[in-house]
Structures are given as C-alpha cells and as structure tokens.
Amino acid sequence: MASTGKPQPVSPRRYDIALRLVVALPFGYALSALGGICLAFWLPLSRADNAMAGIFVGIILWPVIFMASFAIARIERLLTLLIPATCLLSALALLGGWRP
C-alpha cells in the first residue's frame, strides 16, 4: 500500500510514543485529580454532591487528557498546555482550602 508524505523513521516514532506515555500518565492523573478537588471545593452544593461531581469529572477527564496527548502533533505544545493547566488547578485547589 502506498502512503502519503514522507515515511517516518521507526526509532524516533518509538521514542515519541514512549515520551507521550511518560507525559500523559502523570499529567493526566494530576489534572483529573486536581480538577475533582477543585470541583469539590468550589461548587456551591453540599459536600457529598461536590465530592461526587469531583469523582465523575476525574473519571471523565483522565481519558480525555490521555487521548489528547496523542492527538496533539508536537510534544512541546502538549507540555505548554498541560503544565500551566496543572499549575492553575493546583493553585485553585490550594485557594479553596485543600491541604496536600
């Protein structure tokens, strides 16, 4: 079968996939956990409702971030999106009263 464009070398592609896994696993988990924590502190509902909303958002957010880390073309762009988002959510969680 013919492919369009230049063929990719095998070894840099493997390193790219491994690097994306190394970035996607911890940042995806951190963003989903911090997103759930932020919702638990900042929603104007009861504590139980806030906790359940945080859990549900964390369950949905982690696979979305994980898949997006493979959908974004360049690893540098991925890191420029994930690092500020993680810092922002951690700051919001700390302002809400979360103590790690």
Task: Stepwise side chain to side chain contact (heavy atoms under 4.5 Å, CB included) test for I37 and L92 - done: CA-CA 9 Å; I37 290 168; L92 285 174; over 6 Å; no

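L61 and M67 sit in two unconnected hydrophobic clusters of ILVMFWY residues. Membership requires side-chain heavy atoms under 4.5 Å apart, directly or through other members. Residues L19 and L81 share a hydrophobic cluster, clusters being chains of Ile/Leu/Val/Met/Phe/Trp/Tyr side chains in contact below 4.5 Å. In this structure, I72 is a member of the same hydrophobic cluster as I83, with clusters built from ILVMFWY side-chain heavy atoms closer than 4.5 Å.
Looking at L39 and N50, their side chains never come closer than 4.5 Å, going by heavy atoms from C-beta outward. Between L78 and F27 the shortest side-chain heavy-atom distance does not fall below 4.5 Å. Within the 4.5 Å cutoff, no side-chain heavy atoms of F41 are placed close to those of L95.
Taken from SG in C38 to CH2 in W98, the straight-line distance is 9.0 Å, to the nearest 0.5 Å. Note that the CD1 atom of I65 and the OG atom of S69 stand 9.0 Å from one another [nearest 0.5 Å].
When every heavy atom of A93 is checked against every heavy atom of L34, the shortest pair comes out as CB-CD2, 4.4 Å.
For residues 30-46, the set of pairs meeting the side chain to side chain donor-acceptor pair (under 3.5 Å) definition, not counting sequence neighbours, comprises S46-D49. Screening residues 73-83 for side chain to side chain donor-acceptor pair (under 3.5 Å), with sequence neighbours left out, gives R74-E76.
In this structure a side-chain-to-backbone donor-acceptor pair under 3.5 Å is missing from R20 to Y15.
Connectivity analysis of hydrophobic side chains (ILVMFWY, heavy atoms under 4.5 Å, direct or indirect) links I17 to L21, L25, Y29, W62, F66, F70.
Of the options L88, T86, V64, a side-chain contact (heavy atoms from CB on, under 4.5 Å) to L31 is made by T86 and by none of the others.
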